[in-house]
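Accompanying notes for the structure given below.
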Amino acid sequence: MTSYQPRSMLVTGGAGFIGSNFIRHVLTHEANINIVNLDKLTYAGSLDNLNDLPHSERYHFIRGDITDTPLLRHVLQHNHIDTIVHFAAESHVDRSITGPAAFVETNIMGTFILLESARHYWFNIEECDPSERRFHHISTDEVFGSLTNKDPRFTEKTAYQPRSPYSATKAGSDHLVQAYYHTYGLPITLSNCSNNYGPYQHAEKFIPTVIRSCINQQPIPIYGNGKNIRDWLYVEDHCRGIMTILKQGVIGESYNIGGDNEWENIELARYLCEQMNKLVPNDKSYSRLLEFVTDRQGHDFRYAIDSAKMKNKLGWAPQETFASGIKKTIEFYLKS
């Protein structure tokens with residue numbers, strides 16, 4: 001198996017939840033990589049997520065939009081970028097339902113412009129060997145649609161069936177990335193992940209919402225009957241998976257990164273309440289705060305990722321147990 005070594009890396013959306021954790025991971029574990037973080041700093045991104053970075057001399061932040069072609073071309077050329085890790089995306093399903101236009105603009109047009117900029121720089125300016133460059137695109141399990149309890153988990157060969165404006169635009173960006181490999185030979189890899197959790201996640205997401213509601217003694221909203229199922233992956237394991245793909249993955253291939261850790265929303269909320277009872281004891285159980293609310297439109301029933309390809313081909317597997325990951329996550333929000 002050939003091994004690729006990034007040197008000068010552009011991370012898009014690096015002020016967001018997964019992106020900021022990825023930057024921390026790389027600066028901590030990869031001594032030979034310099035990082036440029038390009039982020040628009042929308043509601044989902046915050047420079048607070050990047051305070052006290054390790055080895056910050058190898059990190060540089062640029063505020064900017066991935067739809068800005070002149071800026072992208074300048075960033076790529078000025079920093080001699082050989083590796084692009086593309087996180088930047090509008091990402092919350094509820095927001096995509098009320099305002100889909102921004103999702104089309106960022107997720108589809110932004111990815112297209114980033115691909116074109118990489119192709120222009122690497123092929124027209126540098127005239128480089130494609131095997132010495134990488135464009136890694138981060139996607140989601142939501143592009144595969146919804147499963148029943150009896151369906152097998154999503155594999156890399158599962159047909160795309162997006163069901164929300166968010167997942168439809170992510171599916172569109174995935175297809176563009178694959179098309180640039182097949183049409184132009186752009187050296188891409190792609191990963192589809194399950195639900196992430198961990199430090200620095202946006203407050204509106206499910207696990208931070210439950211933890212914050214417990215801390216503030218507020219109702220914990222549970223959509224519908226709470227039976228919807230998600231597969232949960234600790235963010236640090238996801239970051240390790242991305243680096244594994246960058247170094248060892250096959251150009252043109254996609255890889256599923258999952259936690260092998262499915263939970264019904266209501267059972268996960270109860271589990272979080274139990275952990276909060278242990279870490280922050282209260283006279284009454286936090287589970288009393290659970291409150292069922294009107295279900296979201298087009299709420300997919302179940303997502304589940306099959307990570308066999310990552311395990312068998314690249315030797316990756318989650319290292320964090322759910323119990324230890326949740327403990328770290330709760331402790332982070334208690335301190336923040």
Checklist line | Any residue meeting ring-ring contact (aromatic ring centres under 6.0 Å, His included) with His80, in chain and number order, not counting sequence neighbours | finding: none

Check: Between Tyr223 and Phe206, is the ring centre distance below 6.0 Å?
Finding: no

Checklist line | Proximity of Phe144 and Tyr303 rings by center, below 6.0 Å | finding: no

Identify whether the distance between the nearest side-chain nitrogen and carboxylate oxygen of [X] and [Y] falls below 4.0 Å.
X      : Y      : result
Lys313 : Glu156 : no
Glu331 : Lys328 : no
Glu262 : Arg153 : no

Do side-chain atoms of [X] reach the backbone of [Y] as a donor and acceptor pair under 3.5 angstrom?
X      : Y      : result
Arg302 : Thr148 : yes
Asn49  : Ser20  : no
Thr169 : Tyr166 : yes

Next item on the list: Taking the six-membered ring of Tyr4 (Phe, Tyr or Trp), confirm whether the NZ or CZ of Arg134 is under 6.0 Å from its centre and within 45° of its axis.
Entry: yes

Check: Quick one: is the NZ or CZ of Arg133 closer than 6.0 Å to the six-membered ring centre of Tyr121, and within 45° of its axis?
Finding: no

Ring geometry between [Y] and [X] (parallel below 30°, tilted from 30 to 60°, perpendicular above 60°):
X      : Y      : answer
His78  : His74  : parallel
Tyr184 : Tyr180 : tilted
Phe87  : Phe22  : tilted
His137 : His86  : tilted
Phe322 : Trp263 : tilted

State plainly whether one hydrophobic cluster holds both [X] and [Y], where clusters connect Ile, Leu, Val, Met, Phe, Trp and Tyr through side-chain heavy atoms under 4.5 angstrom apart.
X      : Y      : result
Trp232 : Val93  : no
Ile18  : Ile305 : no
Leu10  : Leu47  : no
Ile266 : Ile229 : no

Margin query: Run the side chain to side chain donor-acceptor pair (under 3.5 Å) test against His238 and tell me which residues pass, sequence neighbours left out.
Written below: Asn196

[X] atom [atom1], over 12 foreign heavy atoms within 6.0 Å:
X      : atom1 : value
Lys311 : NZ    : yes
Lys327 : NZ    : no
Gln297 : CD    : no

Nearest-0.5 Å distance that lies between atom [atom1] in [X] and atom [atom2] in [Y]:
X      : Y      : atom1 : atom2 : answer
Ile326 : Asn261 : CD1   : CG    : 8.5 Å
Lys227 : His299 : NZ    : NE2   : 14.0 Å
Gln275 : Cys214 : CD    : SG    : 11.0 Å
Ile108 : Leu176 : CD1   : CG    : 7.0 Å
Ile245 : Lys309 : CD1   : NZ    : 9.0 Å
Asp174 : Asn192 : CG    : CG    : 5.5 Å

Check: Does some side-chain heavy atom of Leu76 sit less than 4.5 Å from a side-chain heavy atom of His120?
Finding: no

Next item on the list: Would you mind reporting whether Phe17 and Gln201 have side-chain heavy atoms less than 4.5 Å apart?
Entry: yes

Verify whether one side chain among [X] and [Y] offers a donor that lies under 3.5 Å from an acceptor in the other.
X      : Y      : result
His136 : Thr83  : no
Gln248 : Thr244 : no
Ser194 : Asp141 : no
Ser8   : Asp82  : no

Margin query: As a test of understanding, state which of Leu190, Val250, Ile242 forms a side chain to side chain contact (heavy atoms under 4.5 Å, CB included) with Tyr255.
Written below: Val250

Notebook entry, point to check: Among Leu114, Asp65, Ile66, whose side chain to side chain contact (heavy atoms under 4.5 Å, CB included) with Leu38 holds?
Noted result: Ile66

